[in-house]
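To start, the structure itself, in structure tokens.
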Amino acid sequence: MTISVATQVEVRHLEQRAHSLRRRMLRMAADKGEGYIAQGLGIADLLAVVYFRELRHDPARPEDPGRDRFVMSTGHYSIALYSALAECGVLAEEDLATYALNGSSLPMSTFDETPGVEITSGSLGHGLGQGVGMALGLRLDRSDAKVVVELSDGELQEGSTWESAMSASNFRLDNLWAIVDCNGIQADGPMVLDIEPVADKWQAFGWQVREVDGNDIAALVEAFDELRPLPGPKVIVMRTTPGSGVPTIVARERAHFVRVADDEWNRLIDELEENRRD
Amino acid sequence: MIETGNRTGSMGEVAEVVGPYEVAPFGHTLRELARTDDRIVGITADMGRYSDILPFRDAHPDRYFNAGVAEQNTIMLAAGLAKVGKVAFAATYAAFLTRRALDFMAVACAHSKADVKVIGGAPGLVNPYGGTHQALEDLAVMRSIPDVTVIDPCDATELRQVVTLAARTAGTFYIRNLRGKVPVVLDDSTYDFRIGKAREVRAGSDVGIISTGFMTARALEAADRAAEHGVSVGVLHVPTIKPFDRDGVLEFAASKQRLVTAENHLRIGGLGSLVLEELYDAGEAGRPTIRIGLRDRFHPCGSQDYLDAMFGLDVPSLTTAAVEGRWEH
């Protein structure tokens, strides 16, 4: 892929952000002792691109009605979302240390009371439909804000996702984006029900589709840029590597929910630093 | 006036409505409210015609969304619209909403305290399609979800007031929708619906009927018939299943020798259960109480009158319960 010098600088900046997000996630998981860290590390590059390039938002005013919405449908990846919200200044650093602890405002699965969190999720198949509703409402108000919904490959097994996908193209929602995180793992192991061909399915449902390596920031940037001018809802099907950036976690056999020994976290953080790509 | 749907009591057979009625009070009320409140939007799941929402659609087509045969998405769209500042009325059959879309009502709506007003048509035993279309358990189900206001109006007057108040009150509502030609029982100039308030609609000293939904109209008629037998029957109408008017019910029950509860719903988890729970908790459980409601079974197809008589929701059954203190079902 040929990209401009300006974009190379931008990509390098986003890679630094992604690295910072991964570092935050490991620290939060270390504090808690567990977490959906593999998936979080996998979507760090996407969150860097979304929060530091694609979303129009003011971290000082997370409830601003004119903001672009980022809807994380995979509520159990909250560790990744909280990291991004802290990285851009919506959440305070000290809050992150409370992740999933007793009485925390940062639960294991997202609640929409948390600043910057748009929907309560964790029950899968909820994000896209609410994103469609938000996009309809914003269009009704003649707002130019857009809605970006992240969902996972496992959620493609939820019938509700396809009801929503069908309606989005019918309503010709130019302001709606979906990002499908295909990390190939689900609770019972590697994909327990085949969902391929993913890109073809979205195309058949009337969406503009790009398929990329979700751990390649330059490729993500290019996909956003290519899709932006196209009419109707747009979807990026991204293939991610669970644990991306930390080889030991990648090597765990397609881990859905990672538990590591208490003394192991610092070694994982060191490993992340050794493997930094930016 | 736009006619939508059919008579409340029957989809297949349009029965005569005796006495005054209004056509599609939900849809006409929503249309009027939307003239001055541009936050109001309407969503249906291929049931626009049968949920009485067409008057709204025709006046405000840009604010009307048909999600197709997709109840889960219907509720998600409503939640998403609410989250960008709309007041979303989602209307289709009660059975499809409360069974299929339940997780979405619980998580996307109630958990977020979203301004979604779920309008469940054909609730209880009101159509000839049989069990697939009969929401016999909707009140029990919706009552068990935190932060949902649950309302079973008794007539067109009350339904109009309920819809108006719901549009102006934050949070998630489940409202049973009386469709088509809806009888007028209450006088709009004197009746004043309040969320969470029961209303004594007939004073009486011997027996107390505590009723919800369209059973209140029948309770009033049963009270008239009981009077002919020398039995004085009071009627307490309880439109709001949640929040429940505990104090109002206890006060009404305190002066009665016997109680009858009446609902167009399973005896499991509905008004009768709720009344007994509250009486028990208050140490008032000793009073003889008959619960009129549906048996624990799926019910067959049939006209409203046929089903009412077969399953004891009719005026003679209520009268027998009030006068003789027994009920056959």
Side-chain angles (χ1 to χ4, degrees), chain A residues 63-71 73 75 107 109-114 117-143 145-147 149 151 155 158-173 175-176 205, chain B residues 34 37-46 60-90 92 96-97 99-118 145-147 171-172:
Chain A
E63 302 296 319
D64 177 10
R67 71 190 182 280
D68 288 345
R69 269 76 170 171
F70 178 69
V71 176
S73 191
S109 193
T110 53
F111 287 0
D112 61 1
E113 290 94 347
T114 307
V117 176
E118 301 288 355
I119 69 163
T120 295
S121 194
S123 177
L124 296 177
H126 277 244
L128 189 59
Q130 292 188 65
V132 172
M134 290 177 188
L136 279 173
L138 291 167
R139 184 172 71 184
L140 211 49
D141 289 340
R142 305 194 193 291
S143 165
K146 65 180 175 293
V147 180
V149 180
L151 61 160
E155 289 195 275
E158 291 280 7
S160 61
T161 298
W162 297 108
E163 291 184 8
S164 306
M166 202 177 343
S167 67
S169 52
N170 268 275
F171 293 134
R172 297 185 174 81
L173 290 171
N175 57 345
L176 180 69
F205 276 74
Chain B
D37 187 346
D38 60 11
R39 302 172 306 155
I40 290 175
V41 295
I43 308 107
T44 190
D46 189 34
H60 311 283
D62 56 323
R63 287 190 260 164
Y64 173 79
F65 305 104
N66 198 329
V69 189
E71 290 77 19
Q72 300 174 107
N73 198 39
T74 296
I75 295 298
M76 283 193 282
L77 296 189
L81 283 155
K83 285 168 190 177
V84 294
K86 306 300 176 192
V87 176
F89 282 79
T92 177
F96 308 152
L97 287 167
R99 291 185 195 142
R100 190 178 298 228
L102 184 60
D103 186 43
F104 301 88
M105 285 199 272
V107 178
C109 300
H111 199 303
S112 298
K113 300 182 173 62
D115 258 340
V116 174
K117 319 304 172 185
V118 178
I145 297 178
D147 290 320
T172 302

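All heavy atoms count here, side chains included; hydrogens, waters and symmetry mates do not.
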Practice problem: Compare all side-chain heavy atoms of A/W162 with those of B/N73 and state whether any distance is below 4.5 angstrom. | Solution: no
Quiz prompt | For chain A, the option from B/G85, B/A114, B/A70 that forms the most heavy-atom pairs under 4.5 Å | solution = B/A70
Quiz prompt | Spacing of B/D62 atom CG and A/R139 atom CZ [to the nearest 0.5 Å] | solution = 10.5 Å
Quiz item: In terms of heavy-atom pairs under 4.5 Å, which option from A/S160, A/G127, A/S167 contacts chain B the most?
Solution: A/S160
Quiz prompt | Over all atoms of both residues, closest heavy-atom pair of B/Q72 and A/G159 | solution = NE2-C, 4.5 Å
Practice problem: Name the option with the most non-hydrogen atom pairs under 4.5 Å to chain A; the candidates are B/I75, B/L81, B/I43. | Solution: B/L81
Exercise. Measure B/N66 against the heavy atoms of chain A and call it side chain, backbone, both or neither at under 4.5 Å.
Key: backbone
Quiz prompt | Worked verdict on B/F65 versus A/N170 for side chain to side chain contact (heavy atoms under 4.5 Å, CB included) | solution = CA-CA 11 Å; B/F65 305 104; A/N170 268 275; over 6 Å; no
Quiz item: Looking at CG of A/L140 and CZ of B/R39, how far apart are the two atoms once the value is rounded to the nearest 0.5 Å?
Solution: 13.5 Å
Quiz prompt | Side chain proximity check, A/D141 to B/K86, heavy atoms < 4.5 angstrom | solution = yes
Quiz item: Got more than 12 heavy atoms from elsewhere within 6.0 Å of CZ, B/R100?
Solution: no
Exercise. Report yes if some heavy atom in the side chain of A/D112 is under 4.5 Å from a heavy atom in the side chain of B/K83; otherwise report no.
Key: yes
Quiz item: Side chain, backbone, both or neither: which part of A/E113 has an atom under 4.5 Å from a heavy atom of chain B?
Solution: side chain
Quiz item: Strictly by modelled atom types, are B/D103 and A/H126 linked by a side-chain donor-acceptor pair under 3.5 Å?
Solution: yes
Quiz item: Does B/M76 offer a backbone N or O that forms a donor-acceptor pair with the side chain of A/Q130 under 3.5 Å?
Solution: no
Quiz prompt | Heavy-atom pair with the smallest gap, counting every atom of A/T120 and B/S112 | solution = OG1-OG, 3.9 Å
Exercise. Would you mind reporting whether B/V84 and A/R69 have side-chain heavy atoms less than 4.5 Å apart?
Key: yes
